[in-house]
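Everything on this sheet refers to the single structure shown next.
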Protein chains: 2
Amino acid sequence: MVIAVAGLRERKKEQTRRRIAEVALRLFTERGFDAVTVNEIAEAAEVAKATLFAYFPTKESLALHGVGGDPLAEIVARRPPGQTFLEALRAHYRAFAAAQPPEADLDALLARVRVIQSSPALQNAANALLYQQRQALAQVLADEYGPTAAALMAAQVAASLLALQETYFQRLLSGASAEDVARALRQDVELAFDLLQHGLEYVEGR
Amino acid sequence: MVIAVAGLRERKKEQTRRRIAEVALRLFTERGFDAVTVNEIAEAAEVAKATLFAYFPTKESLALHGVGGDPLAEIVARRPPGQTFLEALRAHYRAFAAAQPPEADLDALLARVRVIQSSPALQNAANALLYQQRQALAQVLADEYGPTAAALMAAQVAASLLALQETYFQRLLSGASAEDVARALRQDVELAFDLLQHGLEYVEGR
DNA sequence: GCAATAACCATACTCGGTTCAATAACGAAC
DNA sequence: GTTCGTTATTGAACCGAGTATGGTTATTGC
C-alpha cells in the first residue's frame with residue numbers, strides 16, 4: 001500500500017514557493033529590504049516576476065510570511081469557560097515568554113528582525129498585520145461587551161502586544177545575552193497585562 | 001503704515017499649494033482615492049507632476065493634509081502640574097466632544113472621512129500618522145515611568161484614541177443625526193478614558 | 001495516448017515617485 | 001529699468017512595484 005503522497009504538481013508548487021521565499025529572505029538579509037528589487041528576487045529564484053506575485057501578493061509579504069504573530073481572536077474564542085479573555089491572553093504570552101527558544105531559531109529570528117527593522121515600509125506592513133488581528137479580536141469581544149467597548153479593548157490589547165514585541169526586538173538587537181532578554185521579556189509580559197487589567201492608574205500609584 | 005505682506009513669491013507658492021490640495025480633494029471626493037491618478041491631479045491643477053511632489057511627498061498626503069489629529073505629546077507635556085497625563089488628555093478630548101462643530105465644517109469632515117474610508121492604503125497611512133504620535137508620547141512619558149512602561153502606556157492611549165476616532169467616523173457615516181453622534185461621542189470619550197484609567201477589569205466587573 | 005487543466009513564462013503596460021538639466025519668474029541691488 | 005543671483009517650475013526620461021495577456025509546457029485523469 002502506497003501512502004497517497006501529494007501530487008507532483010503540488011510538490012513542485014511547494015518547492016517553488018519555498019525557493020522564492022528563501023531566496024528573498026537571503027537577499028533581504030544580505031542587503032536590506034529596500035536595496036533588493038523584486039526583479040532580482042525573481043531572477044535569483046529563476047521564476048518570472050508574474051510567478052513570484054502569484055505566490056506572494058506584495059514585496060512586503062516576502063519578508064513577513066510566517067510573521068503573523070499569534071491569532072489573538074482564536075486564543076480568546078477558545079479559552080476555557082470561566083476564564084476572562086485577558087487571563088487567557090496572559091497565560092498564552094506567559095507561556096511563550098517562559099519557553100526558551102533554541103539557539104538556531106533565535107539566530108533566524110534575529111536575522112528576520114534585522115530585516116524588518118531595515119525598512120519603514122516593512123514596519124508599517126507588520127503593523128497592518130496586527131491591525132487585522134485587532135479587528136478580529138474586536139469582533140469576538142463584541143458579543144460580550146458591545147461593539148464600542150470591544151473595539152476599545154481590542155485596540156488596547158493589540159497595541160500593547162505590538163509595543164511588547166517592539167521592546168522584545170529592541171532587546172534582541174541590543175546584543176544582550178539570551179538569558180537577559182528572556183528575563184526581561186517575562187517581566188514585560190507581566191507589566192503589559194497588569195497595565196491592561198488594572199489600568200494606567202496601576203503604575204501611576206506606583 | 002503698510003502691513004508687511006508676504007512677498008509675491010510666497011503668495012504664489014501658497015496659491016499653488018492650495019490649488020493642488022483643493023483639486024486633489026475634489027477629485028478624490030468625486031471618484032474615490034484609488035480611481036484618481038496623480039497625473040490627473042497634476043493636470044487638473046495645471047502643474048507638472050514634479051511640482052506636485054515638491055509640495056506633497058506622497059499621494060496619501062494629498063488626502064490627509066491637516067488630518068494629523070491632536071498632538072498628544074504636546075498636550076501631555078504642557079499639562080498643569082499636579083495633573084496626571086491621562087487627566088490632561090481626558091480633559092482635552094472631553095472639550096473636543098463638547099464642542100459642536102458647525103454644519104459647514106461637518107460636511108467637509110464627512111467628505112474627508114468618506115475619502116479616507118474609500119481606500120485601505122489611505123487608512124494605513126492615517127494609522128501611520130498616529131503611530132508617530134505614539135512614539136512622541138512614549139518619549140515624553142519615558143522620563144516619568146521608564147521606557148518600557150511608557151511605551152506600553154503610549155501604545156494603549158494612541159490605540160484607544162484611534163479606535164475612538166474610527167467609531168466616531170462610523171457614526172458619522174451611518175447617517176445618524178448630528179446630535180446623536182455628538183452625544184454618543186461624549187459617552188465614548190468617557191468610556192475610553194475610564195478603560196484606560198481603570199483597566200479592562202473596569203468593564204469586566206460591570 | 002489524449003484532452004483538460006494548471007503552472008509558468010515573456011512581454012508590455014500602469015502608476016507612484018525621483019532625477020535632472022533647462023527655463024521662467026521673482027527679488028534685490030545698482 | 002537693467003542686471004544678476006536665487007528659486008519655483010517644467011518636461012521628459014527613468015525606476016520599481018504590481019497587473020494583464022496570450023501563449024507554452026507539464027501534470028493529471030481518463
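Quick note on labels: first sequence line is chain A, next is B, and so on, each numbered from 1.
In this model, a donor atom of one side chain and an acceptor atom of the other lie less than 3.5 Å apart for B:Asp70 and B:Tyr93.
Rounding to whole angstrom units, CD of residue A:Glu43 and P of D:dG16 are separated by 12 Å. The CD1-C1' distance, from B:Ile41 to C:dG17, rounds to 13 Å in whole Å. One interatomic measurement links the two molecules: CG of A:Leu52 to C1' of C:dA10, which rounds to 15 Å at whole-angstrom precision. Whole-Å rounding puts the A:Lys12 NZ to D:dA26 P distance at 8 Å. Atom CZ of B:Arg17 is separated from atom P of D:dA8 by 12 Å (rounded to the nearest Å). For the pair A:Glu46 CD and D:dT25 P, the interatomic distance rounds to 18 Å; values are reported in whole Å. Atom pair A:Gln15:CD and C:dA6:P shows a separation of 20 Å (rounding to whole Å applied). Atom NZ of B:Lys59 and atom P of C:dG16 are 4 Å apart (whole Å).
For the pair B:Tyr55 and D:dT9, the criterion of a side-chain N or O lying under 4.0 Å from OP1 or OP2 is met. For B:Lys49 and C:dG16, the shortest distance from a side-chain N or O to OP1 or OP2 is not below 4.0 Å. Between B:Thr58 and C:dG16 there is no side-chain N or O to OP1 or OP2 distance below 4.0 Å.
Residue B:Thr37 is in sugar-phosphate contact alone, with no base atom involved, counting any heavy-atom pair closer than 4.0 Å across all strands shown.
Between C:dC8, C:dT5, C:dA7, one nucleotide has an atom nearer to the side chain of A:Thr16 than all others, and that is C:dC8. Between C:dC9, C:dT5, C:dG17, one nucleotide has an atom nearer to the side chain of B:Phe53 than all others, and that is C:dG17.
The minimum heavy-atom distance between A:Ala192 and A:Leu164, with the atom names listed, is CB-CD1, 4.3 Å.
With a 4.5 Å cut-off on side-chain heavy atoms, B:Leu25 and B:Arg112 count as touching.
No donor-acceptor distance shorter than 3.5 angstrom exists from the side chain of B:Lys49 to the backbone of B:Ile41, with no hydrogens or angles considered.
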